[in-house]
> 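Sharing a structure below in structure tokens format, with a few things to ask.
Keep in mind the model is a prediction, meaning the values are calculated, not measured. Keep in mind that the numbers below use all heavy atoms, side chains included, and drop hydrogens, waters and symmetry copies.
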2 protein chains.
Amino acid sequence: MVGLTIGKVAEHAGVNVDTLRYYERQDVIGKPLRNGSNYRLYPEDTIRRVRFVKRAQELGFSLAEIKELLELRVSKNASCANVRDQALAKVDSLNEKIRSLQSMRRALVKLANECSDDGPVGDCPILDALDEKGRVR
Amino acid sequence: MVGLTIGKVAEHAGVNVDTLRYYERQDVIGKPLRNGSNYRLYPEDTIRRVRFVKRAQELGFSLAEIKELLELRVSKNASCANVRDQALAKVDSLNEKIRSLQSMRRALVKLANECSDDGPVGDCPILDALDEKGRVR
DNA sequence: ATAGACCCTAGACCTAGGTCCAGGGTCAAG
DNA sequence: CTTGACCCTGGACCTAGGTCTAGGGTCTAT
Ligand SMILES: [Zn+2]
Ligand SMILES: [Zn+2]
Ligand SMILES: [Zn+2]
Ligand SMILES: [Zn+2]
């Protein structure tokens with residue numbers, strides 16, 4: 001056996017076989033060798049690489065960003081600082097998203113607090129606020 | 001003039017005309033009357049309604065949720081509390097998203113702090129962490 | 001009367017990250 | 001030899017919220 005079939009890789013990496021073909025099309029993982037029946041034969045460390053991808057996704061990296069990280073990993077003149085810069089840039093964008101969600105939350109909580117428990121919907125300050133008059137901030 | 005053409009509504013509400021047609025297909029705004037040339041003629045308050053939609057989107061509501069809010073508004077037996085419940089449910093889901101982003105951020109910051117400024121990429125703790133060994137948490 | 005600005009419809013296209021399907025080949029077990 | 005589990009490709013489909021195009025009709029000003 002010179003490699004793993006796609007089904008084995010998928011099983012051990014915890015992904016769908018179609019996901020592996022998709023990653024290949026997206027150049028996230030390299031093109032594997034083929035056997036005489038045109039079956040893909042993956043090297044063992046593909047499993048590790050796919051799990052790398054999945055963990056990076058959980059940290060909020062897109063596939064495009066993950067590709068860059070993987071390229072850095074094999075690049076001869078990349079330094080640890082290059083990787084850290086990517087991570088810190090991601091932290092910045094996470095901060096932005098978090099701030100924006102927090103401001104949505106603040107506005108909603110404020111409106112909900114003004115809402116009376118069982119008045120008619122015509123007097124609802126939430127609907128009123130959405131319904132013109134001025135921005136919810 | 002018995003109503004506003006789609007272009008006027010779009011201009012005053014700050015959206016694309018296609019967006020208005022899209023909202024109509026999605027039943028977010030009602031079907032307007034048509035004139036003899038089959039042009040849409042909107043009542044004045046459509047502008048207000050579209051702005052309502054845009055503000056609700058900024059608060060994180062999906063179009064489907066906004067539809068529900070708008071239905072509540074015209075529902076005879078809806079109370080203020082119904083609206084507040086929707087708002088609080090949205091707050092819950094915002095909380096979840098925020099927590100998840102914060103946990104990504106925590107993990108990334110931790111990794112970046114361990115990263116040496118200019119060691120070779122082969123020793124990068126970020127790549128190491130992604131690259132097997134165990135979950136980043 | 002004709003240019004340019006609007007309007008109409010149906011349907012394609014876009015992002016992201018896959019998933020699924022049709023139609024066909026391969027391989028091992030019984 | 002047949003059955004079932006795999007594998008292959010290309011392309012369609014999905015969500016969400018739109019945007020854009022093609023091909024046509026209408027309206028207004030010059
Ligand atoms: Zn395994
Ligand atoms: Zn590093
Ligand atoms: Zn206006
Ligand atoms: Zn209320």
> For the helix from dA1(C)-dT30(D) to dG30(C)-dC1(D), how many degrees between its two end axes (five pairs per end), to the nearest 10°?
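Comparing the axis at each end, I get an angle of 30°.
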> For dC8(C), does either OP1 or OP2 sit under 4.0 Å from a side-chain N or O belonging to Arg40(B)?
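Looking at the OP1 and OP2 atoms of dC8(C), one of them is under 4.0 Å from a side-chain N or O of Arg40(B).
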> Is the shortest side-chain N/O distance from Lys8(B) to OP1 or OP2 of dA5(C) below 4.0 Å?
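Answer is no, no contact under 4.0 Å.
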> Starting at the 5' end of DNA chain C, which residue's closest nucleotide do you reach first, Ser37(A) or Arg25(A)?
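First, find each residue's nearest nucleotide; the 5'-ward one identifies Arg25(A).
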> Does a salt bridge link Lys54(B) with Glu58(B), judged by any charged N lying under 4.0 Å from a carboxylate O?
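A salt bridge is absent here (no side-chain N lies under 4.0 Å from a carboxylate O).
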> Restricting to non-hydrogen atoms, name the atom on Asn82(A) and the atom on Asn77(A) that form the minimum distance, rounded to 0.1 Å.
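Taking every non-hydrogen atom into account, OD1-O, 4.2 Å.
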> Ignoring backbone atoms, test whether Asn16(A) places a side-chain nitrogen or oxygen under 4.0 Å from the OP1 or OP2 oxygen of dG17(C).
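For Asn16(A), the contact criterion (side-chain N or O under 4.0 Å from OP1 or OP2 of dG17(C)) is not met.
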> Quick one: label Arg21(B) by what it contacts on the DNA or RNA (base, sugar-phosphate, nothing), any heavy atom closer than 4.0 Å.
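Contact class for Arg21(B): base.
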> Ignoring backbone atoms, test whether Ser62(A) places a side-chain nitrogen or oxygen under 4.0 Å from the OP1 or OP2 oxygen of dA16(C).
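Checking Ser62(A) against dA16(C): no side-chain N or O falls below 4.0 Å of OP1 or OP2.
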> Hey, which of Gln86(A), Lys90(A), Gln57(A) is the one that makes side-chain hydrogen bond (donor to acceptor under 3.5 Å, both in side chains) with Glu65(A)?
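Among Gln86(A), Lys90(A), Gln57(A), the one meeting side-chain hydrogen bond (donor to acceptor under 3.5 Å, both in side chains) with Glu65(A) is Lys90(A).
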> By the 4.0 Å heavy-atom rule, please label Gln57(A) as base, sugar-phosphate, or nothing.
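Since only primed, P, OP1 and OP2 atoms lie under 4.0 Å of Gln57(A), the category is sugar-phosphate.
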> Show, in sequence, the C-alpha distance, side-chain angles and deciding distance for Lys110(B) and Glu114(B), and conclude whether the salt bridge (charged side-chain N to carboxylate O under 4.0 Å, His left out) test is met.
CA-CA 7 Å; Lys110(B) 183 162 173 298; Glu114(B) 291 165 9; 3.7 Å; yes
> For Gly36(B) and Lys54(B), find the nucleotide of DNA chain D closest to each by heavy atoms; which residue's nucleotide sits nearer the 5' end?
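By nearest-heavy-atom nucleotide position, the 5'-most residue is Lys54(B).
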> Using only side-chain N and O atoms of Arg34(B), determine if any of them is under 4.0 Å from OP1 or OP2 of dT9(C).
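Yes, because at least one side-chain N or O of Arg34(B) sits under 4.0 Å from OP1 or OP2 of dT9(C).
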> What is the distance from CZ of Phe61(B) to P of dG17(D), rounded to the nearest Å?
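For the pair Phe61(B) CZ and dG17(D) P, the rounded distance is 13 Å.
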> Assign Lys67(B) to base, sugar-phosphate, or nothing according to its heavy-atom contacts below 4.0 angstrom with the strands shown.
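The answer is nothing, as Lys67(B) stays clear of every strand by at least 4.0 Å.
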> Distance-only, no hydrogens or angles: does the Arg84(A) side chain make a donor-acceptor pair with backbone N or O of Ile126(B) under 3.5 Å?
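Not at all, since once roles are kept as given, no pair shorter than 3.5 Å links the two residues.
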> For Asp18(A), report the nucleic acid contact type (base, sugar-phosphate, nothing); a contact means any heavy atom under 4.0 Å.
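Base, at least one base heavy atom under 4.0 Å.
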> At less than 4.0 Å, is any side-chain N or O atom of Thr5(A) found next to OP1 or OP2 of dC7(D)? Yes or no.
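So the side chain of Thr5(A) is within the cut-off, an N or O lying under 4.0 Å from OP1 or OP2 of dC7(D).
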> Would you check if the side chain of Ser79(A) reaches a backbone N or O of Ala81(A) as a donor-acceptor pair within less than 3.5 Å?
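Yes, the answer is positive, given that a donor and an acceptor are paired below the 3.5 Å cut-off.
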> Does a distance-only test, which skips hydrogens and angles, find a donor-acceptor pair under 3.5 Å between the side chain of Tyr23(A) and the base of dG18(C)?
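Checked by distance alone, the answer is no.
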> Taking only residues two or more places apart in sequence or in another chain, which ones pass side chain to side chain donor-acceptor pair (under 3.5 Å) with Gln102(A)?
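Scan of Gln102(A) (side chain to side chain donor-acceptor pair (under 3.5 Å), adjacent residues dropped) gives none.
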> Between dC8(C) atom P and Ile6(B) atom CD1, what is the distance in whole Å?
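My rounded result for the distance is 5 Å.
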